[in-house]
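The structure under discussion appears below in the form of structure tokens.
Along the sequence shown, residues carry numbers from 1. These numbers come from the heavy atoms of this one structure, side chains and all, not from hydrogens, waters or symmetry mates.
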Amino acid sequence: MTSPLFRGWPRRAGPHLAVRVARAALGGAAGFVWLVLPGTTPPADAPVAIITPPPAGGPVGTAAATAATTATAATAATDGDETSGADLVLPVAVVGAAGALAGYGYVRRRRRARSRTAAGAGRTGAPRAADGEAAAPAHGYGEAAAPGHGHGEGDGNSDGVPGLVVAEDRLLAAREELAFAEARRGAEAVAPWARAVRDAEAELASAYAMRQRYDEGVPADTAERRHVLAGIAGRCEEVIRTLEAGSAEWSVQAAELPRALEVAEARFRELTARTPAVEATLSALHARYAPTALDAVTGYPELAKDRLVLATTELNGARQASDLGRPTEATGHLRTAEGAIARAGVFLAETDRSARDLAEAARLVPAALTGAEAELAAHRAPARPEGASHAAPLLLHADTVLATVRAEVTSGRPYDPLELLRRVVRATEPLSAEDSGVLAAAAHLTAADSLAAAEAFLATHREGVGMTARTRLAEAQRLFARRNAATQADRVRADELAREARASAEQDVRLRGHQGAQQRSDDQMA
């Protein structure tokens, strides 16, 4: 089974190298034949020397005849040379142009390869920005590009100030490290680092709230917008500083390697044993619900297996390096293995969570329909004539939506219960008078499901997710986290933003994969 995220990708970004070589050889052979053929066949109108017998006059007549013969032959040779030169002009020009184009392409590929491996691209010791992450102008954090899709939206500056993408990726990695550190040492021992992670989360949330307002055009003044970007960069620096302040203390030490390997291997065995059950769960869900209900998690068990295979390789490398007395190398392998194990765990947990949310949504759909009918009936009551004209089109729309949902539920065909709940909630939200009851519960469930799906996708595909998706997801989290202060409108908006963030993130990853395939094709040609 293949995740819908990766369906439709091109299997190859361009012609294979062997095909290109064959084409070049065929073109060269054709050019060679073209060059040779004009010289193998004499032209039909070439002059022919006519030799006449010498006159009977003696030596003078013989010399004259010889001179005439020589002149005639020279004239013929000269004419033939001129004709051959004219025939060679076009093929020589074509071959020269082809060589020039080939040389130009070679120089471009070499230049592109050098730019990809420029000095400083692989430096360690500092957070590395995700590929394609743009930098704002130096010193001024100048006006970023207009909000768009994916990377390249003023996330950082050219002086090395970390941007939102860098800061969030570091925070996500710190969460993974914290989970393994807690398993090694216990919750109490790592409590200071857990507080540092929470502080970093708060700083990042504030930075994303500023970015969301910036994307909405607030403030409008150019100078003030520069100050906003500077403030975002400052908060991102604080996130990195907070996380790095305690990371050395809680990272794996040489003496801890045996224990750290035991913890990682135990988690690896747990997930490996759990994978078949998750696969069976997903198969059962496909048999029960419509395919659209499972778009978010289709292929997740296979992706979990891929990460576990990587974890196997890295754990073996860590064991071998540790046995050979190379703790630094062993720690590097271990960290890679822990990251792969953490992502495999997210894939499996997300599949189980989706199963629970779908079951809860299926249970809520009938009650939500009943609650929605009661809400509409209250607006139809004669005692509320003051808003009748305003509510009439809303009531008509809601009636249509509820009738469609009820028809799908009673059709006997598999359906997507979360999507049906979402339609009921959105149709009745403008008419809802209270933020409690079954409709509020339905709005909470749909928003929570969308948020969890987007958060899991970001955590497992973060190298390819750009600024737009991250900012929208952060805003959805902010709206949803209001808890008691949240209204049903906030929940609906959080659901919309989370779904928008997931769609934007998927598009980013697809684009990144396409660019990577094209890059590999260019490397083969170089």
Side-chain angles (χ1 to χ4, degrees), residues 125-130 133 141 154-157 159-215 227-253 256 260 335 338-339 342-343 345-346 448 451-452 454-456 458-460 462-463 465 467 469-486 494 497-498 501:
R128 183 175 62 84
E133 184 182 2
Y141 305 92
D155 180 38
N157 99 338
D159 289 339
V161 177
L164 285 166
V165 171
V166 177
E168 184 168 28
D169 285 354
R170 181 65 188 90
L171 176 59
L172 293 171
R175 288 174 180 167
E176 296 173 354
E177 295 170 14
L178 176 62
F180 283 97
E182 184 174 335
R184 289 195 309 269
R185 303 183 183 183
E188 293 184 2
V190 299
W193 196 24
R195 284 194 296 271
V197 171
R198 289 194 296 270
D199 292 342
E201 289 172 349
E203 285 289 342
L204 189 65
S206 298
Y208 269 123
M210 295 169 67
R211 179 70 201 205
Q212 176 67 26
R213 291 193 295 273
Y214 180 93
D215 286 351
H227 286 303
V228 169
L229 289 179
I232 293 172
R235 290 185 181 275
C236 292
E237 284 185 283
E238 182 64 18
V239 169
I240 299 295
R241 189 201 63 77
T242 301
L243 294 174
E244 289 184 346
S247 61
E249 182 179 355
W250 308 110
S251 59
V252 177
Q253 308 298 324
E256 266 193 309
R335 181 64 198 103
E338 288 177 343
R343 296 193 192 199
V346 172
L451 275 167
E455 290 166 353
L458 173 59
T460 53
R462 55 182 177 263
E463 292 81 4
V465 179
M467 273 288 300
R470 295 168 185 258
T471 305
R472 301 303 173 262
L473 177 57
E475 179 66 8
Q477 292 168 330
R478 186 187 70 82
L479 291 173
F480 191 74
R482 292 183 179 181
R483 304 217 178 263
N484 294 335
L497 286 170

Residues R478, E475: salt bridge by 4.0 Å N-O rule: yes
Residues that E176 engages under side chain to side chain contact (heavy atoms under 4.5 Å, CB included), provided they are two or more places apart: R335, A342, R343, R462
Shortest non-hydrogen contact from M210 toward V228: CE-O, 3.7 Å
With Q477 via side chain to side chain contact (heavy atoms under 4.5 Å, CB included) - residues at least two apart: L451, E455, L473, A474
Contact summary for A207 and I232, nearest pair of heavy atoms: O-CG1, 4.0 Å
Which residues share a salt bridge (Lys or Arg N to Asp or Glu O under 4.0 Å) with R185, sequence neighbours left out: E256
Nearest non-hydrogen partners of L243 and A174, listed with the distance: CD2-CB, 3.9 Å
V197 side chain reached by T242 side chain, heavy atoms, under 4.5 Å: no
Atom pair OH (Y214) and OG1 (T471), whose distance is rounded to the nearest 0.5 Å: 11.5 Å
Approximate separation, where rounding is to 0.5 Å, of L458 CG and D169 CG: 7.5 Å
Nearest heavy atoms of A498 and A476, plus distance in Å: N-CB, 3.8 Å
Q253 side-chain N/O to S251 backbone N/O, donor-acceptor pair under 3.5 Å: yes
Salt bridge (charged side-chain N to carboxylate O under 4.0 Å, His left out): pairs with one or both residues in residues 188-201, sequence neighbours excluded: R175-E201
Set of residues satisfying side-chain hydrogen bond (donor to acceptor under 3.5 Å, both in side chains) with respect to E168, sequence neighbours excluded: Y208, R470
Closest approach of A200 to L171 (non-hydrogen atoms, all atoms of both residues): CB-CD1, 4.1 Å
4.5 Å side-chain heavy-atom contact, V190 and R184: no
Approximate separation, where rounding is to 0.5 Å, of L172 CG and T460 OG1: 10.0 Å
Residues which pass side-chain hydrogen bond (donor to acceptor under 3.5 Å, both in side chains) with R241, listed by chain and number, not counting sequence neighbours: E238
